[in-house]
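Keep in mind it's a predicted model, so treat the numbers as computed, not measured. The analysis underlying the following values was restricted to heavy atoms, covering all of them including side chains, and did not include hydrogens, waters or symmetry mates. First the proteins, then the strands, lettered A, B, ... as listed; each starts at 1.
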There are 2 protein chains.
Amino acid sequence: MREYRHPQINEVQLGSVLYALSDPIRLAIVRQLAREGEATCAALENGHPKSSVSHHFRVLREAGIIKTRNDGTSRINELRTTELAEVFPGLLPAILAVPA
Amino acid sequence: MREYRHPQINEVQLGSVLYALSDPIRLAIVRQLAREGEATCAALENGHPKSSVSHHFRVLREAGIIKTRNDGTSRINELRTTELAEVFPGLLPAILAVPA
DNA sequence: TCCATAGTTCGATATAATTCGAACAATAGC
DNA sequence: GCTATTGTTCGAATTATATCGAACTATGGA
């Protein structure tokens with residue numbers, strides 16, 4: 001399967017990041033990735049249909065919040081924590097500190 | 001003119017705050033309020049039609065980000081900086097630290 | 001090769017948000 | 001009371017987003 005386009009970290013827009021994280025499903029995905037480090041898409045489905053979850057991953061990926069790599073038939077996702085801290089210091093920690 | 005409903009600070013939802021701030025016009029309003037402390041709606045119009053600006057103020061108000069009080073025919077807006085810091089510590093500073 | 005697994009993409013529907021003019025409301029001043 | 005100023009609300013058009021089934025792609029293993 002083909003590679004994904006991930007934006008360069010300095011192309012990442014604050015507005016897109018905030019928008020992506022304003023959705024409860026996407027925020028839950030991000031919280032879980034923060035806890036677990038990495039996870040496949042399937043591990044983050046939580047009962048939602050695959051196609052919906054795939055959409056949300058795309059939004060997170062294109063906003064610059066997650067990085068997805070291929071591993072066999074799976075995709076492994078992780079937060080771009082360090083890079084995001086460079087351009088938006090304190091933002092992700094402040095969001096993740098809020099109790100779910 | 002009647003008073004506005006402002007949510008209690010502990011009713012404020014993270015998702016609503018992030019959504020409200022994901023819009024460029026609303027973020028610009030918030031940045032200007034952070035610089036200037038308070039401002040009337042007219043001072044924040046920046047060439048947009050009144051009705052559009054009024055809509056954005058409402059979104060910000062209902063998200064819990066700004067407080068609006070009446071002063072004659074004007075409304076004076078200010079950020080709920082201290083209260084927001086109680087429930088989402090570091091969030092607003094992190095956002096405002098990003099260069100416009 | 002055949003089949004299962006993991007995700008993506010397409011397409012259609014439904015819901016929500018943005019935009020802005022026009023009409024309205026409230027206050028201040030003359 | 002009349003008028004100007006400030007902002008809200010309504011209504012309608014446009015645009016964007018979410019949702020999810022169905023078809024598809026790619027990989028791995030028997």
Side-chain angles (χ1 to χ4, degrees), chain A residues 1-7 13-30 32-33 36 38-79, chain B residues 1-7 13-30 32-33 36 38-79:
Chain A
M1 193 157 275
R2 75 170 186 280
E3 286 298 307
Y4 298 94
R5 282 185 308 248
H6 295 90
Q13 301 289 317
L14 177 60
S16 309
V17 170
L18 297 178
Y19 179 76
L21 295 176
S22 72
D23 179 90
I25 295 179
R26 291 192 290 263
L27 186 55
I29 289 173
V30 167
Q32 194 167 343
L33 283 175
E36 302 182 5
E38 334 184 291
T40 61
C41 297
L44 297 162
E45 275 174 18
N46 276 99
H48 302 281
K50 278 171 182 296
S51 53
S52 300
V53 174
S54 187
H55 162 70
H56 289 303
F57 272 103
R58 179 139 79 121
V59 174
L60 288 169
R61 196 183 306 121
E62 292 181 350
I65 297 170
I66 65 172
K67 195 158 181 290
T68 308
R69 66 178 191 275
N70 293 329
D71 179 48
T73 60
S74 297
R75 284 105 199 82
I76 301 184
N77 303 282
E78 59 183 318
L79 294 178
Chain B
M1 192 157 276
R2 75 169 186 281
E3 287 298 309
Y4 298 94
R5 281 187 306 250
H6 295 89
Q13 301 290 318
L14 177 61
S16 309
V17 170
L18 297 178
Y19 180 76
L21 295 175
S22 72
D23 179 88
I25 295 180
R26 291 193 290 263
L27 187 55
I29 290 173
V30 167
Q32 195 166 340
L33 284 175
E36 303 182 3
E38 329 185 296
T40 61
C41 297
L44 296 161
E45 273 174 18
N46 276 100
H48 302 280
K50 279 172 181 298
S51 52
S52 301
V53 174
S54 188
H55 162 71
H56 289 303
F57 273 104
R58 180 140 77 120
V59 174
L60 288 169
R61 195 182 308 120
E62 294 182 349
I65 296 169
I66 65 173
K67 195 157 179 291
T68 308
R69 66 177 191 275
N70 292 329
D71 179 48
T73 60
S74 297
R75 284 106 197 81
I76 301 185
N77 304 282
E78 59 182 319
L79 293 179

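- In the set C/dT9, C/dT8, D/dT17, the nucleotide with an atom closest to the side chain of A/Y19 is D/dT17.
- Applying the 4.0 Å criterion to OP1 and OP2 of C/dT8, one finds that A/R61 has a side-chain N or O inside that range.
- The environment of CD in A/E78 is crowded: more than 12 heavy-atom neighbours from other residues, nucleotides or ligands sit within 6.0 Å.
- Rounded to an integer number of Å, the gap from CZ of B/F57 to C1' of D/dT6 is 12 Å.
- Rounded to a whole Å, the CG atom of A/L44 is 13 Å from the C1' atom of C/dG7.
- A distance of 11.0 Å separates CG of B/L18 from CZ of A/R26, quoted to the nearest 0.5 Å.
- Look at B/Y4 and you won't find any side-chain N or O under 4.0 angstrom from OP1 or OP2 of D/dT9.
- Look at CG on A/N70: it is 9 Å from C1' on D/dA26, rounded to the nearest Å.
- We find that CG of A/N46 is positioned 13 Å from P of D/dC20, with the value rounded to whole Å.
- B/S22 contributes a side-chain N or O that, together with a main-chain N or O of B/Y19, makes up a donor-acceptor pair within less than 3.5 Å.
- For the pair B/L44 and B/L33, the minimum side-chain heavy-atom distance is below 4.5 Å.
- Exactly one of B/R75, B/R61, B/R58 qualifies for a side chain to side chain donor-acceptor pair (under 3.5 Å) with B/T68. That residue is B/R61.
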If you restrict it to nitrogen or oxygen atoms, what contacts under 3.5 Å exist between nucleotides 19-23 of chain C and the protein, and what is each distance?
| from | atom 1 | to | atom 2 | distance (Å) |
| --- | --- | --- | --- | --- |
| C/dT19 | OP2 | B/H56 | NE2 | 2.7 |
| C/dC20 | OP2 | B/S52 | OG | 3.2 |
| C/dG21 | N7 | B/S51 | OG | 3.1 |
| C/dG21 | O6 | B/S51 | OG | 3.3 |

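- A/E3 places its CD atom 10 Å from the P atom of D/dT27, with the value rounded to the nearest Å.
- Here the straight-line distance linking atom CZ of B/R69 with atom CD of B/E38 works out to 4.0 Å at 0.5 Å rounding.
- Rounded to a whole Å, the CG atom of B/L60 is 16 Å from the C1' atom of D/dT8.
- For A/S74, whose side chain is taken as the heavy atoms from C-beta onward, the closest listed nucleotide among C/dT9, C/dA17, C/dA6 is C/dA6.
- One interatomic measurement links the two molecules: CZ of B/R75 to P of C/dA26, which rounds to 10 Å at whole-angstrom precision.
- Distance check, rounded to the nearest 0.5 Å: SG of A/C41 to CD1 of A/I29 gives 8.0 Å.
- For A/R26 and D/dA18, the shortest distance from a side-chain N or O to OP1 or OP2 is below 4.0 Å.
- Following rounding to the nearest Å, B/K50 (NZ) and D/dG7 (P) show an atom-to-atom distance of 6 Å.
- The CG atom of B/L60 sits 8.5 Å away from atom CG of B/D23, with the distance rounded to the nearest 0.5 Å.
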Restricting both atoms to N or O, compile the protein contacts to nucleotides 28-30 of chain D shorter than 3.5 Å, with distance only.
none

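- Residues A/S74 and A/T40 share a closest heavy-atom pair of CB-CG2, 4.1 Å.
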